*Asks:* 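Mind looking over this structure? Questions follow.
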Amino acid sequence: MPNAVRLGSLGDTQVTYGYTVLLPDPVVADLNALTIEDRLTYLRDMSVIGDALLEVTGAARINYEIQGNAEHALHAHIVPRYADEPDEQRRRPIWFSDRSHAPKFDPERDSGLMHKLAEDIQKRLKILETQN
């Protein structure tokens with residue numbers, strides 16, 4: 001996977017502002033299906049996206065989840081959490097929140113966020129490349 005693409009994309013439903021899903025390309029069943037080197041790259045990219053989300057969105061913290069219970073394909077949920085979330089929501093996994101009112105991803109509305117995230121991620125990856 002060192003030459004493979006890892007795809008980060010804003011989630012179809014923005015359960016919180018900036019909710020992102022990271023997928024490997026090619027898709028594999030789970031993290032353990034990757035070589036150790038590819039796992040390190042995937043997890044590094046997951047954390048870089050989290051760093052970018054912290055910077056760009058002003059989130060208080062980032063939750064990371066790799067489950068694979070419903071879809072047997074490796075994907076990581078990267079969920080910004082905010083200090084101003086209602087207490088009941090903030091203290092529980094986001095999946096227990098009422099998502100019926102969460103906005104759907106909108107390429108036009110979310111283009112500014114996508115652009116800022118892409119810039120920040122590229123900046124962080126360049127820094128990592130110069131350190132290796």
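Bear in mind that the values here come from a model prediction, so they are computed numbers and not experimental data.
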*Asks:* Under 3.5 Å, is there a donor-acceptor pair linking the side chains of Glu119 and His115?
*Replies:* yes
*Asks:* Nearest 0.5 Å, what's the CG-CG distance between Leu10 and Asp110?
*Replies:* 5.5 Å
*Asks:* Please step through side chain to side chain contact (heavy atoms under 4.5 Å, CB included) for the pair Asp12 and Lys104, ending with a clear verdict.
*Replies:* CA-CA 6 Å; Asp12 290 343; Lys104 301 293 183 196; 5.9 Å; no
*Asks:* Would a single hydrophobic cluster contain both Val56 and Tyr64, if residues Ile, Leu, Val, Met, Phe, Trp and Tyr are joined by side-chain heavy-atom contacts under 4.5 Å?
*Replies:* yes
*Asks:* Could you walk me through whether Val79 and Ile62 pass the side chain to side chain contact (heavy atoms under 4.5 Å, CB included) check?
*Replies:* CA-CA 6 Å; Val79 185; Ile62 304 294; 5.9 Å; no
*Asks:* Does the plane of the ring in His77 sit parallel, tilted or perpendicular to the ring in Tyr19? Use 30° and 60° as the thresholds.
*Replies:* parallel
*Asks:* Are Val21 and Val27 grouped together when hydrophobic residues (ILVMFWY) are joined by side-chain heavy atoms under 4.5 angstrom apart?
*Replies:* no
*Asks:* Run Asn63 and Ile94 through side chain to side chain contact (heavy atoms under 4.5 Å, CB included) and show every step you take.
*Replies:* CA-CA 9 Å; Asn63 290 164; Ile94 200 66; 5.9 Å; no
*Asks:* Atom CD1 of Ile49 and atom CG of Leu54: how far apart are they, to the nearest 0.5 Å?
*Replies:* 12.5 Å
*Asks:* Could you report the tightest heavy-atom contact between Leu74 and Leu23, atom names first, then the distance?
*Replies:* O-CD2, 3.8 Å
*Asks:* Check this for me: does any side-chain nitrogen of one of Arg81 and Glu85 sit under 4.0 Å from a carboxylate oxygen of the other?
*Replies:* yes
*Asks:* Quick check: closest heavy atoms across Thr13 and Ala102, and the distance to 0.1 Å?
*Replies:* CG2-CB, 3.5 Å
*Asks:* Could you tell me whether Asp120 and Lys116 have a side-chain N and a carboxylate O separated by less than 4.0 Å?
*Replies:* no
*Asks:* To the nearest 0.5 Å, what is the distance between NZ on Lys123 and CD on Glu55?
*Replies:* 5.5 Å
*Asks:* How far apart are the closest heavy atoms of Pro107 and Met114, and which atoms are they?
*Replies:* O-CE, 3.9 Å
*Asks:* Walk me through it: do Trp95 and Glu65 pass the test side chain to side chain contact (heavy atoms under 4.5 Å, CB included)?
*Replies:* CA-CA 11 Å; Trp95 312 118; Glu65 296 184 30; 2.6 Å; yes
*Asks:* Closer than 3.5 angstrom, by distance alone: can the side chain of Tyr42 be matched with the main-chain N or O of Glu37 as a donor-acceptor pair?
*Replies:* no
*Asks:* Would you say the side-chain atoms of Thr57 pair up with the backbone N or O of Ala59, donor to acceptor, closer than 3.5 Å?
*Replies:* yes
*Asks:* Donor-acceptor pair, distance only, cut-off 3.5 Å: does the side chain of Arg124 make one with the backbone of Val48?
*Replies:* no
*Asks:* Take a 6.0 Å sphere around CG of Asp51 and say whether it holds more than 12 heavy atoms from other residues, nucleotides or ligands.
*Replies:* yes
*Asks:* Show the nearest heavy-atom pair for residues Arg90 and Ala83, with the distance to one decimal.
*Replies:* NE-O, 3.7 Å
*Asks:* Any side-chain heavy-atom pair from Arg44 and Leu128 closer than 4.5 angstrom?
*Replies:* yes
*Asks:* Which heavy atom of Asp106 sits nearest a heavy atom of Glu108, and at what distance?
*Replies:* OD1-N, 2.8 Å
*Asks:* Output yes when a side-chain donor or acceptor of Asp30 lies under 3.5 Å from a complementary backbone atom of Ala33, and no otherwise.
*Replies:* yes
*Asks:* Verify, without hydrogens or angle tests, whether Tyr82 (side chain) and Tyr17 (backbone) share a donor-acceptor contact under 3.5 angstrom.
*Replies:* yes
*Asks:* Tell me the closest heavy-atom pair linking Pro80 and Ile78, and the distance in Å.
*Replies:* CD-O, 3.5 Å
*Asks:* Side-chain heavy atoms nearer than 4.5 Å, only ILVMFWY residues, links allowed to pass through others: does that put Leu22 and Leu40 together?
*Replies:* no
*Asks:* Any side-chain to backbone donor/acceptor pair from Arg39 onto Asn32? Under 3.5 Å, distance only.
*Replies:* yes
*Asks:* Quick one: do the Thr41 and Asp38 side chains pair a donor with an acceptor below 3.5 Å?
*Replies:* no
*Asks:* If we only count heavy atoms from C-beta on, is the Arg109 to Pro103 side-chain gap below 4.5 Å?
*Replies:* yes
